[in-house]
Amino acid sequence: DAGVIQSPRHEVTEMGQEVTLRCKPISGHDYLFWYRQTMMRGLELLIYFNNNVPIDDSGMPEDRFSAKMPNASFSTLKIQPSEPRDSAVYFCASRPSGLAGGEQYFGPGTRLTVT
Amino acid sequence: AQSVTQPDIHITVSEGASLELRCNYSYGATPYLFWYVQSPGQGLQLLLKYFSGDTLVQGIKGFEAEFKRSQSSFNLRKPSVHWSDAAEYFCAVGVQAGTALIFGKGTTLSVSS
């Protein structure tokens, strides 16, 4: 299994630009999670999906952030417009339903730098 | 609300010495507990997990952790640290199957020769 795939691995953009991060979960996993990691705040949950439906988006910082999961094998996290404070590493994780305890499998992350 | 505390931000251990990383959680019932490791530039990898049963759990890379309900703790241990263990370690709590995990702020481990 290829594991969780994220692209791009690195993204550098200017303030005000739109940024789209992509994630392909492990095949057969019904849950998908988006996290943001910064030095100041650590690892924060942004949103998670179950069977392509957003379940909890209370961690999305503001309306500039949006996430979609059009099918079971693809999700996007979009920031529009981007700001320097959005600079962070963004992780996608997935897990199957029926796996007791919520163990999650993480992708390698996308390092976003907004100048 | 559930929370996870890792009291040590940074620990340095000599190669070959033993290691213990602390983790305390706040939750009214028995949670699901995890330790993840993150090497520089990498994602998080699961080291071990506790759901129920034996309170001493074994993980990969020679790590183990012990769940102590009375202390609300789930400390990670390794008897002999290798230089390759230098990384950031995260403790996490899951309160029911299917929901997201709550992570501690992490402990950075440095290994000196």
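Order of the sequence lines sets the chain letters (A, B, ...), proteins ahead of strands, with each chain counted from 1. Just so it is clear, the structure is predicted and the values come from calculations on it, not from any experiment.
For the atom pair CD (B:Q38) and CG (A:L43), the distance works out to 7.5 Å, reported to the nearest 0.5 Å.
Residue-environment remark: CG (A:N71) exceeds the threshold of 12 foreign heavy atoms within 6.0 Å. Residue A:R111 places its CZ atom among 12 or fewer non-hydrogen atoms of other residues, nucleotides or ligands, all under 6.0 Å distant. A 6.0 Å sphere centred on CD of A:E14 holds no more than 12 heavy atoms belonging to other residues, nucleotides or ligands.
Heavy atoms of A:M40 lying under 4.5 Å from chain B belong exclusively to its backbone. Heavy atoms of A:R9 lying under 4.5 Å from chain B belong exclusively to its side chain.
Placement of B:Y27 and B:V57 within a single hydrophobic cluster is found when ILVMFWY residues are connected by side-chain heavy-atom separations under 4.5 Å, directly or transitively. Transitive grouping of hydrophobic side chains (ILVMFWY, heavy atoms separated by less than 4.5 Å) brings B:V37 and B:L21 into a common cluster.
Between A:Q104 and B:Y36, the closest side-chain pair of non-hydrogen atoms falls below 4.5 Å. Between A:Q37 and B:F90, some side-chain heavy-atom pair lies under the 4.5 Å cut-off.
The two atoms that bring B:L44 and A:F106 nearest to each other are O-CB, 3.5 Å, heavy atoms only.
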